[in-house]
*Asks:* 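My questions all concern the structure below.
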Amino acid sequence: MGLQIGILSTGVYLPDEFITGTEIAKLAGIPTQVVEEKMGIKKKHVPGQEDHTCAMGIIAAKKAIAKAGIDPLEIDLVIYIGEEHKEYPLWTAGIKLQEEIGAFNAWAFDVALRCSTTVMALKVAKSMMIADPDLKTVLLAGGYRNVDFIDYENPRTRFMFNLGAGGGAILLKKGHNENLLLETELMTDGSFSEDVVVVSGGTKNPISKEAIDQRLNKLDVLNPAGMKARLEEKSMANFLKVIRESVRKSGYREGDISYLAILHMKKSAHEYVLRELGLSDSQSIYLQDYGHIGQIDQILSLELAVNEGKVKDGDLVVLVSAGIGYAWGATTIKWGKGD
């Protein structure tokens, strides 16, 4: 039982500021109904003046620590799960986060897999905790504000109009016989690796005034038709595959799923996934009032579900993600007291 890894607590930070679906529609020159009904965005959180990426992760981490009632000195490792877009271009944010929360006995590093970062980091953390006897308490935390890269006048990026801002954190403890972290399944497909990029700002196309004038410092889709064709062929199948494999490897069946903590996506895709898994609308939360906060979505959905009583002791919870690149991931959790 000592090698069981359990979730001690979660923490979420959401900026006070938000933008509505109506405002997005006006910026994009499309009907409000398309934004609200098809894209599924009633409103989404956007960063205020002090809502920097790592800073939002720090607030979420402090909330998780307070909720768990632990001393930050108990934390052995900090894994930063926020975005690469952060306070400084070349910077290990996890070390800053470790300092700010007072985890002076820990060491820290950053991981990245776009919107699948949290799911991937749960697998990394569990593997490390099992392998290393010195890792007893691990914090995953970070922030997200890729909304900064959205150009609402670019129709190629409409599927990313839902990007928002916020922070999230998860505390894991070895030998904690509650909220058991079971198995994670991940898939990546490099045929999508250069479909969605910020063209300017890296070594291929350094940032310049001309690049900014041409909006090359915003997210863009370089091959919309090719990406659409490949996504239609692969995305939903892989999405369902990682869910089913995560559950199977955890020793359960698809019908055992009680709650699906799913990233924000267009309404029709959300409903399709639930139908395919035989789940009702009440077994998930559609994040239409939050937007897509990248890899924070799964933490937000889980926390909302627990607070609303949608997740109870004994429930099988699945966190699921899909990230540009493309990466699909799912993690199964046995919620409540262990066997």
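Excluded from the calculations below are hydrogen atoms, water molecules and symmetry mates; all remaining heavy atoms, backbone and side chain alike, are included.
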*Asks:* Scan Leu139, Val138, Ile170 and name whichever one has a side chain to side chain contact (heavy atoms under 4.5 Å, CB included) with Ile79.
*Replies:* Val138
*Asks:* May I ask you to decide if the ring planes of Phe192 and Trp328 are parallel, tilted or perpendicular, using 30° and 60° as cut-offs?
*Replies:* perpendicular
*Asks:* If we ignore hydrogens and angles and just use 3.5 Å, is the side chain of Asp297 paired with the main-chain N or O of His264 as donor and acceptor?
*Replies:* yes
*Asks:* Using side chain to side chain donor-acceptor pair (under 3.5 Å) as the criterion, point out the one residue from Arg248, Lys249, Arg244 that pairs with Glu185.
*Replies:* Lys249
*Asks:* Quick one: do Lys43 and Glu36 make a salt bridge, cutoff under 4.0 Å?
*Replies:* no
*Asks:* Among Val119, Val242, Thr331, whose side chain to side chain contact (heavy atoms under 4.5 Å, CB included) with Leu186 holds?
*Replies:* Val119
*Asks:* Does His85 have its ring centroid less than 6.0 Å away from the ring centroid of Phe149?
*Replies:* yes
*Asks:* Does a side chain donor of either Asp220 or Asn154 reach within less than 3.5 Å of an acceptor in the other side chain?
*Replies:* yes
*Asks:* Is the closest side-chain donor-acceptor distance between Tyr286 and Asp281 under 3.5 Å?
*Replies:* no
*Asks:* Could you tell me whether the side chain of Thr117 and the main chain of Arg114 form a donor-acceptor pair under 3.5 Å?
*Replies:* yes
*Asks:* Do the ring centers of Tyr80 and Phe109 come within less than 6.0 Å of each other?
*Replies:* no
*Asks:* Any side-chain donor paired with an acceptor under 3.5 Å for Glu23 and Thr20?
*Replies:* yes
*Asks:* Taking all non-hydrogen atoms of both residues, which atom of Lys123 and which atom of Thr184 are closest, and how far apart?
*Replies:* NZ-O, 3.5 Å
